[in-house]
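Working notes, structure below.
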Amino acid sequence: MGLTMLRLLMTAFLALTLQACSAGGVISERPLAGNDEPYQLDSGDQVRVVVFGQEDLTGEYTIDGSGQISMPLVNGIQARGLTIQELEAEVARVLGESLLRNPNVSAQVISFRPFFILGEVTQSGQYPYVNGMTARTAVAIAGGFTYRADQSYVRVTRKRDGKLIELELPMDELIRPGDTVYVTERYF
């Protein structure tokens with residue numbers, strides 16, 4: 001009975017090992033947390049606004065330092081702090097009050113504002129944002145860690161609801177456009 005039980009256990013172990021090997025090389029799988037909040041536009045973002053049937057109003061606009069986009073024939077339209085859907089509604093409202101009857105507006109972000117990275121990285125500075133970027137990816141874009149870097153977490157300064165907040169995030173956490181990432185020095 002002992003030898004049969006040993007063979008059975010070995011067969012089960014072998015089956016589980018083969019199943020794990022066929023999982024496509026996934027080491028671990030966990031959801032990325034903390035970025036469920038909708039993206040809010042700010043200075044430096046570039047948006048494409050389409051006003052259907054109005055070629056002169058359709059175009060690409062950069063949100064300026066005051067948080068507005070400048071469209072032809074209307075005063076500046078406030079975009080800072082709005083989601084893309086809220087921007088569509090605001091453009092439709094402004095155009096509906098002054099130029100058009102029931103305007104149909106669509107908008108999308110075509111270029112995000114840059115992020116900044118400082119501290120114990122090879123090349124600190126400003127870099128173009130890449131959608132879905134993690135703190136680890138941001139460090140890689142900046143040339144990697146220096147030999148003194150603490151590689152377990154980063155400090156991130158982020159604007160939220162008009163206020164600057166500072167977060168301590170693990171390396172696999174998502175970075176957002178406009179964030180300032182600071183890689184600290186390790187103690188030992």
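Just so you know, residue 1 is the first one in the sequence shown, and it goes up from there.
Hydrophobic clustering (ILVMFWY, side-chain heavy atoms < 4.5 Å, transitive): Ile69 and Phe52 are in distinct clusters. One hydrophobic cluster, built from ILVMFWY side chains closer than 4.5 Å, holds both Val105 and Val74. No single ILVMFWY cluster, assembled from side-chain heavy atoms under 4.5 Å apart, contains both Phe115 and Ile110. The cluster map of Ile, Leu, Val, Met, Phe, Trp and Tyr, joined by side-chain heavy atoms under 4.5 Å apart, puts Val109 and Val50 in different clusters. Hydrophobic cluster membership is shared by Leu99 and Val49, with clusters built from Ile, Leu, Val, Met, Phe, Trp and Tyr side chains linked at under 4.5 angstrom.
Arg80 is linked by a side chain to side chain donor-acceptor pair (under 3.5 Å) to Asp42, Ser43, counting only residues two or more places apart in sequence or in another chain. Listed by chain and number, the residues in a side chain to side chain contact (heavy atoms under 4.5 Å, CB included) with Ser111 are Gln46 (sequence neighbours excluded). Scored by the side chain to side chain donor-acceptor pair (under 3.5 Å) test, Arg48 finds no partners at all (sequence neighbours excluded). The side chain to side chain contact (heavy atoms under 4.5 Å, CB included) check on Asn131 picks up Phe112, Tyr129, with sequence neighbours excluded. Qualifying salt bridge (Lys or Arg N to Asp or Glu O under 4.0 Å) partners for Glu88, counting only residues two or more places apart in sequence or in other chains: none. With sequence neighbours left out, Tyr182 forms a side chain to side chain contact (heavy atoms under 4.5 Å, CB included) with Leu118, Arg155, Thr184. Scanning for side chain to side chain donor-acceptor pair (under 3.5 Å) contacts around Thr122 gives an empty result, with sequence neighbours left out. Checked against side chain to side chain contact (heavy atoms under 4.5 Å, CB included), Gln123 has the following partners two or more places apart in sequence or in another chain: Tyr127.
Put simply, the side chain of Val121 does not reach to within 4.5 Å of the side chain of Val181, judged on heavy atoms. Side-chain contact between Leu169 and Arg158: present, with at least one pair of heavy atoms (C-beta onward) separated by less than 4.5 Å.
Atom CG of Leu73 is separated from atom CD of Gln54 by 9.5 Å, given to the nearest 0.5 angstrom. Here the straight-line distance linking atom CG of Leu95 with atom CE of Met71 works out to 5.0 Å at 0.5 Å rounding. Note that NZ of Lys159 and CD of Gln40 are 10.0 Å apart. Values are rounded to the nearest 0.5 Å.
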Under 3.5 Å, sequence neighbours excluded: what are the donor-acceptor pairs made by side chains of residues 137-152?
unit_1: Thr137; atom_1: OG1; unit_2: Thr134; atom_2: OG1; d: 2.9
unit_1: Thr146; atom_1: OG1; unit_2: Glu120; atom_2: OE1; d: 2.6
unit_1: Thr146; atom_1: OG1; unit_2: Arg148; atom_2: N; d: 3.4
unit_1: Arg148; atom_1: NE; unit_2: Glu120; atom_2: OE1; d: 3.4
unit_1: Arg148; atom_1: NH2; unit_2: Glu120; atom_2: OE1; d: 3.4
unit_1: Asp150; atom_1: OD1; unit_2: Ser152; atom_2: N; d: 3.1
unit_1: Asp150; atom_1: OD1; unit_2: Ser152; atom_2: OG; d: 2.7

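A salt bridge (charged side-chain N to carboxylate O under 4.0 Å, His left out) check over residues 125-139, counting only residues at least two apart or in different chains, returns the pairs Arg136-Asp172. Pairs engaging residues 50-79 under the salt bridge (charged side-chain N to carboxylate O under 4.0 Å, His left out) rule: none recorded [sequence neighbours left out].
Listed for the Asp45 side chain is a donor-acceptor partner under 3.5 Å among the backbone atoms of Arg113. Judged purely by atom type and a 3.5 angstrom limit, Thr58 uses its side chain to pair as donor or acceptor with the backbone of Val51. The main-chain N or O of Ala79 is never found under 3.5 Å from a side-chain atom of Glu90 such that the two would form a donor-acceptor pair.
The hydrophobic cluster of Leu164 has no other members, since no ILVMFWY side-chain heavy atom comes under 4.5 Å of it.
Residues Gly178 and Phe116 approach most closely at O-CD1, 4.5 Å, considering heavy atoms. When every heavy atom of Ala92 is checked against every heavy atom of Pro103, the shortest pair comes out as O-CG, 3.3 Å. The shortest heavy-atom contact between Leu87 and Ala107 is CD2-CB, 4.4 Å.
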